[in-house]
Structure formats: structure tokens, C-alpha cells
Amino acid sequence: MNQDELKQAVARAALDHILPHLESDMILGIGTGSTANCFIDALAEVKYRFDGAVASSEASAERLKSHGIPVYDLNTVSELRFYIDGADEANEHLHLIKGGGAALTREKIVAAVAKEFICIADESKLVDVLGAFPLPVEVIPMARSHVGRELVKLGGDPVYREGVVTDNGNIILDVWNMNILNPVEMEQAINQITGVVTNGLFAMRPANALLLGTVGGVKTLT
Ligand code: ABF
């Protein structure tokens, strides 16, 4: 199986996971990225079995709409039973690094609302220690240099992601060389820096289930 096939397999497994719970008035939280795209395409097959979705990015909203799936503003929705999204790295505690696609803030908001966060990824994303993937941090543009200096004090090497403006009008710093042994503490420490909007560590609110596409089949970690 190649990586695309693993993504499709894991997307299909996530659909199987939620299928028995779908209800006609249910709204789903849907993430961003190539694995989430596989899930959106699979979800289209059962679009009459739920009401619609909240998307974590404009790109995913467009993809959902192209399949005829209604997209709602999160402020009009009181409950999300499921949030299905990918990740850039995951550990066995279901702590994640997300935000390679620059949608981390909206992803974190949707994850905060959702009852159950199902993370879908191919097995290459599972690591012992988070941080080989550069940690994305969304920053208010005028705070870029200040936040960069503070991230250096935390042990990282921040790099400005050139040419990228988030859906919220902010910039991204990618922090290299972080060996994240305590993800909850690191998430909190970065959040404390003035000018940081969000960081891509999902440890205070980890995934509830991690579905991993492997050559031997889909493995579920909870
Ligand atoms: C989003 O998409 C992100 O948080 C993460 O950056 C990325 C994973 O993308 P892919 O599924 O394409 O590897 O979920």
C-alpha cells in the first residue's frame, strides 16, 4: 500500500467508526489536509444521513460544498458530536502536532467544541517524542519578532513561513528543533507569549482516538 492508499483506508475506517452514530440533525466537525480530504470524499457517500458540517478551513468548506454537504458557521451550532481531522505528528498519548496546513487555530476551536476528536493519519505520523516536525505557531503579524525571541528562549529555532497568511489574517512561525518531552507544559508556555494566537500542540485537548493506517491494516489507539 502506498501513502495515499493508507490515507484512504484510514478515512474509510473513520467513516465506519461514526456511521452507527449518525443522525439526521447531526453536524460534524471536519478538518483540513490530504487525509481529511479523503474523509470528506468518503463522507459524501452518506451525506443524507446527517445535517451538515463545520469546517476548519476555507479549503475544506469548499470541498464539502462541492459534494453538496451544507457548511455551517460554528457560532450557529451548539454541539459537534465528532471532529475528524489529520495531524502532522502524534504520540501514543494521542498528543498531536497540527498546523502544517496553517489551519491550527480553527482546528483547535473545532476540537474544543467537539465531544469526540478522531484523528486520522498514516503510520509515518506516529513518533516517540513530538517535535521532529516543526511546531507551527500562529502569531499576530506585529508580534512576529517578539514571539520569535521568546520561542528561542524555550529552546526552539523559529522560522517565518514566507508567503503564508492564515484564514484569520495572521502569520505562521514554524519552530524547529523542539524536543517536546512535556507537551502539555510546552503548549501552555507558548500560549503565554503575548502575540501568540495558537500553537499547534494539541495536548491539553488531545485526540480521543487515533486511527493509524498501516500496511497491516488500520490500528486504533485510544
Ligand atoms: C491538518 O492537515 C493539519 O493540522 C495537519 O497540518 C495536516 C495533516 O495533513 P495531511 O493529512 O495532508 O498529512 O489536519
Side-chain angles (χ1 to χ4, degrees), residues 1-15 28-43 53-64 74 80 82-91 94-114 116-127 130-139 159 161 163-168 170-176 178 180 183 187 190 196-214 218-219 221:
M1 268 196 184
N2 63 33
Q3 209 177 17
D4 280 345
E5 289 166 335
L6 293 179
K7 288 177 186 183
Q8 275 164 20
V10 84
R12 179 66 49 187
L15 187 63
L28 303 170
I30 305 292
T32 301
S34 59
T35 319
N37 282 345
C38 290
F39 180 75
I40 292 171
D41 296 345
L43 188 64
V54 168
S56 71
S57 64
E58 300 298 337
S60 290
E62 287 312 311
R63 196 175 189 101
L64 286 158
L74 182 60
L80 294 174
F82 294 105
Y83 169 45
I84 302 96
D85 198 2
D88 299 304
E89 272 187 355
N91 68 17
L94 313 192
H95 300 147
L96 312 172
I97 286 183
K98 289 173 55 55
L104 60 161
T105 298
R106 294 188 184 195
E107 290 171 351
K108 209 172 254 197
I109 294 167
V110 177
V113 174
E116 188 176 341
F117 174 11
I118 301 163
C119 183
I120 51 177
D122 67 82
E123 62 185 337
S124 69
K125 305 288 181 70
L126 187 66
V127 297
L130 296 172
F133 188 93
L135 176 66
V137 181
E138 181 165 351
V139 176
V159 174
R161 200 184 294 181
V164 171
V165 177
T166 69
D167 285 346
N168 315 303
N170 298 313
I171 60 114
I172 299 284
L173 295 177
D174 291 306
V175 192
W176 292 80
M178 299 285 261
I180 305 173
E187 182 177 358
I190 297 174
V196 166
V197 178
T198 328
N199 72 81
L201 273 170
F202 284 57
M204 291 191 286
R205 197 280 183 248
N208 299 101
L210 173 61
L211 305 188
L212 273 184
T214 80
V218 174
K219 277 188 197 160
L221 276 64

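In each ligand, atom 1 is the first atom listed, and ligand 1 is the first ligand listed. What you are looking at is a predicted structure, and each value in this text was computed from that prediction instead of being measured. Positions are given from 1 along the sequence.
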Study note, to complete from the structure: for atom 9 (O) of ligand 1, nearest protein heavy atom and its distance come out as G33 CA, 3.9 Å
Check your understanding: What atoms of ligand 1 come within less than 4.0 Å of a heavy atom belonging to K98?
Key -> 1 (C), 3 (C), 4 (O), 14 (O)
Exercise for review: Report the nearest protein non-hydrogen atom to atom 10 (P) of ligand 1: residue, atom name, distance rounded to 0.1 Å.
Suggested key: S34 OG, 3.4 Å
Check your understanding: Is L28 close to L43 at the side-chain level, that is, under 4.5 Å between some pair of heavy atoms?
Key -> yes
Point to revise | Note, I190 side chain near L135 side chain (heavy atom, < 4.5 Å) | key: yes
Study note, to complete from the structure: When distances are taken from atom 4 (O) of ligand 1, the protein heavy atom at minimum range is E107 OE1, 2.8 Å
Point to revise | Side chain proximity check, V54 to V113, heavy atoms < 4.5 angstrom | key: no
Practice item. Apply side-chain hydrogen bond (donor to acceptor under 3.5 Å, both in side chains) to the pair N170 and E138, showing each step before the final yes or no. Key: CA-CA 7 Å; N170 298 313; E138 181 165 351; 2.9 Å; yes
Point to revise | Heavy-atom side-chain proximity of L96 to P183 below 4.5 angstrom | key: no
Review point. Looking only at distance, does G99 have an N or O less than 3.5 Å from an N or O of ligand 1?
Key: yes
Review point. Quick one: OG1 on T166 to CZ on R161, what's the gap to the nearest 0.5 Å?
Key: 10.0 Å
**Study point:** Ligand-side contact atoms (ligand 1) for residue partner D85, heavy atom cut-off under 4.0 Å
**Key:** 1 (C), 14 (O)
Review point. Please state which protein non-hydrogen atom is closest to atom 1 (C) of ligand 1 and give its distance, to 0.1 Å?
Key: T32 O, 2.8 Å
Review point. Is there at least one pair of N or O atoms, one from K7 and one from ligand 1, spaced under 3.5 Å apart?
Key: no
Revision key, fill the gap. Quick note on ligand 1: atoms under 4.0 Å from a heavy atom of G86 include exactly 14 (O)
Exercise for review: State the NZ-OH distance between K108 and Y83, to the nearest 0.5 angstrom.
Suggested key: 11.0 Å
Exercise for review: Can you sort out which atoms of ligand 1 are near K125, meaning under 4.0 Å from one of its heavy atoms?
Suggested key: 10 (P), 13 (O)
Exercise for review: Working to the nearest 0.5 Å, report the span between CD of E89 and CG of L130.
Suggested key: 5.5 Å
**Study point:** G101 heavy atom under 4.0 Å from ligand 1
**Key:** yes
Point to revise | Heavy atom of the protein closest to atom 7 (C) of ligand 1 (residue, atom name, distance) | key: D88 OD1, 3.6 Å
Practice item. Indicate yes or no: at least one non-hydrogen side-chain atom of L94 is less than 4.5 angstrom from one of C119. Key: no
Point to revise | Part of S56 with heavy atoms under 4.0 Å of ligand 1, whether side chain, backbone, both or neither | key: neither
Point to revise | Protein contact of atom 11 (O) of ligand 1 - nearest heavy atom, named by residue and atom, plus distance | key: T35 OG1, 2.6 Å
